[in-house]
Asks: 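Please find one structure pasted underneath; my questions will follow.
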Amino acid sequence: MSTEQSRSAREAQPAPGALLLCRAEPDSVAPVARLLREDMLLAPAGEGWSVLVPEGRPWQEGGEPVDRVLSGWALALAVGAPWPALALWWDTERAGYSLASGFRRPVGYEWLANGTPAGVDEAMHTFAARLGLDPVLDESLDELTRPDPASDARARLRGLLAVLQRAGVYLPDGLAPGDSADRLRAAASAHPHVRPAEGTARSEADAVPPAPLVPWAAAGPWARALSLAQIAVGLPLTAWGLHRRSGGWTTAGALLLAHGTLGLACWPVSPLD
């Protein structure tokens, strides 16, 4: 194969990239997104939905698999929050999603580059149930778990987004699964309502979110137990992420610790405590 042919073959392959969807308005998502400590663009993505477009440094510079990074980020965005977070990711060999919702175990599905299903059907059913999709949409999702020689991994993600459109998701123009992080950010930048959800560029003080991150802080006697549970889960998760050198899971653990610590700090201390 000539040098020119090799270059063309590489360009034809989908570059690693990702999108993060949250079932919440951008104003609610922005404070949580800052805790990821990553430079991202934030934009509306339909009624009651937001999309985060990451710069992609963890998988571009650190060599960490994009699916592992995004799974951790989705968990970090959803844990302790009243909304689910959906990560869409792809690289040269696979594509898939990871859905995180509260403290429940994330659920995901993936396809090989040629579109061959490589997940468990039950995961797709759990996905539909957690998003509250109706049975008609469930049938459309089932089609994504069946062999289809005409659909590659990009087409599978587009099919998933088509189902989510009926649940209110509408990505800004130009955001397409399979594009590189640079191309996605260029497309997002052209959106009139896009804004940065700064990460590393912000000061440490700005990284600590205000009370909206801990809406349970004054919700009742179970609030302190929930904060302690977050800390108890966050410590080993952070340690595991550091051991595995996984930025995504380390961030998820750190965010759990931040949620729990802030929740305890916001809890009023009585003289009897």
Asks: Report the C-alpha separation of Thr116 and Asn114 in whole Å, then their side-chain angles, then the decisive distance to 0.1 Å, and conclude whether the side-chain hydrogen bond (donor to acceptor under 3.5 Å, both in side chains) test is met.
Replies: CA-CA 6 Å; Thr116 300; Asn114 63 4; 2.8 Å; yes
Asks: Do the side chain of Trp89 and the main chain of Leu20 share a donor and acceptor less than 3.5 angstrom apart?
Replies: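 No, the answer is negative, given that no donor and acceptor are paired below the 3.5 Å cut-off.
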Asks: Check the pair Ser101, Arg104 against side-chain hydrogen bond (donor to acceptor under 3.5 Å, both in side chains), reporting the backbone distance first and the verdict last.
Replies: CA-CA 6 Å; Ser101 180; Arg104 289 180 289 188; 2.9 Å; yes
Asks: Could you measure the distance from the NE2 atom of His125 to the OG1 atom of Thr145? Nearest 0.5 Å is fine.
Replies: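 His125 atom NE2 to Thr145 atom OG1 measures 6.5 Å (nearest 0.5 Å).
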Asks: Judged by atom type as modelled, is there a donor-acceptor pair below 3.5 Å linking the side chain of Arg23 to the main-chain atoms of Leu131?
Replies: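 Yes; judged by distance alone, with no hydrogens or angles, the pair exists.
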Asks: To check you understand the geometry: which heavy-atom pair defines the closest contact between His191 and Ala43, and what is its length?
Replies: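 Here His191 and Ala43 meet closest at ND1-CB, 4.4 Å.
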Asks: Are the side chains of Pro26 and Arg195 in touch, meaning some heavy atoms are under 4.5 Å apart?
Replies: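 Yes, at least one pair of side-chain atoms sits under 4.5 Å.
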Asks: Please round to the nearest 0.5 Å and tell me the distance separating atom CE of Met40 and atom CG of Leu19.
Replies: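 Taking CE in Met40 and CG in Leu19, the distance rounds to 10.5 Å.
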Asks: If I compare all heavy atoms of Glu64 with all of Arg68, which pair ends up nearest, and what's the gap?
Replies: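 Closest approach of Glu64 to Arg68: OE2-CD, 3.4 Å.
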Asks: What I want to find out is whether Arg57 reaches Asp39 closely enough, with some N-O distance under 4.0 Å, to be called a salt bridge.
Replies: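 Salt bridge: yes.
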Asks: Taking the side chain from Arg156 and the backbone from Gly115, do they hold a donor-acceptor pair closer than 3.5 Å?
Replies: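 Checking the backbone N and O of Gly115 against the side chain of Arg156, a donor-acceptor pair under 3.5 Å is found.
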Asks: How about Leu171 and Leu21: do any of their side-chain heavy atoms sit closer than 4.5 Å?
Replies: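 Yes, side chains in contact.
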Asks: Answer yes or no: does atom CZ of Arg183 have more than 12 heavy-atom neighbours from other residues, nucleotides or ligands under 6.0 Å?
Replies: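 For Arg183, atom CZ is not crowded (no more than 12 foreign heavy atoms under 6.0 Å).
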Asks: Using the rule that two of Ile, Leu, Val, Met, Phe, Trp, Tyr join whenever any of their side-chain heavy atoms come within less than 4.5 Å, decide whether Leu112 and Trp90 are in one cluster.
Replies: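 Result: no, two separate clusters.
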Asks: Give, for atom CD of Glu110 and atom OG of Ser98, the distance between the pair rounded to the nearest 0.5 Å.
Replies: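 Nearest 0.5 Å value for the CD-OG distance: 10.5 Å.
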Asks: To the nearest 0.5 Å, what is the distance between CG on Asp91 and CG on Asp67?
Replies: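 Asp91 atom CG to Asp67 atom CG measures 7.0 Å (nearest 0.5 Å).
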Asks: Measuring from atom CG of Leu52 to atom CG of Leu42, what distance do you get when rounded to the nearest 0.5 angstrom?
Replies: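 One finds 5.0 Å between CG of Leu52 and CG of Leu42.
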Asks: Answer yes or no: is there a donor N or O on one side and an acceptor on the other, between the side chain of Arg158 and the main chain of Pro177, under 3.5 Å?
Replies: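 Checking the backbone N and O of Pro177 against the side chain of Arg158, no donor-acceptor pair under 3.5 Å is found.
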Asks: Parallel, tilted or perpendicular for Tyr97 and Tyr109, by the 30°/60° rule?
Replies: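 Rings of Tyr97 and Tyr109: parallel, under 30°.
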Asks: What are the two closest non-hydrogen atoms of Val51 and Pro44, and how far apart are they?
Replies: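 Heavy atoms of Val51 and Pro44 come nearest at CG1-O, 4.3 Å.
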Asks: Using a 4.5 Å cut-off on heavy atoms from C-beta on, say whether the side chain of Glu38 contacts that of Glu55.
Replies: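 The answer is no, as the side chains (C-beta and beyond) never meet within the 4.5 Å cut-off.
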Asks: Around atom CZ of Arg105, are there more than 12 heavy atoms of other residues, nucleotides or ligands at under 6.0 Å?
Replies: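 It does not: Arg105 CZ has 12 such atoms or fewer within range.
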Asks: Is there side-chain contact between Pro54 and Trp73, with at least one heavy-atom pair below 4.5 Å?
Replies: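 Yes - at least one pair of side-chain heavy atoms lies under 4.5 Å apart.
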Asks: Would you mind reporting whether Leu164 and Leu86 have side-chain heavy atoms less than 4.5 Å apart?
Replies: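 A side-chain contact under 4.5 Å exists here.
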Asks: What is the distance from atom CG of Leu88 to atom CG of Leu175, rounded to the nearest 0.5 Å?
Replies: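 Leu88 CG to Leu175 CG: 10.5 Å, rounded to 0.5 Å.
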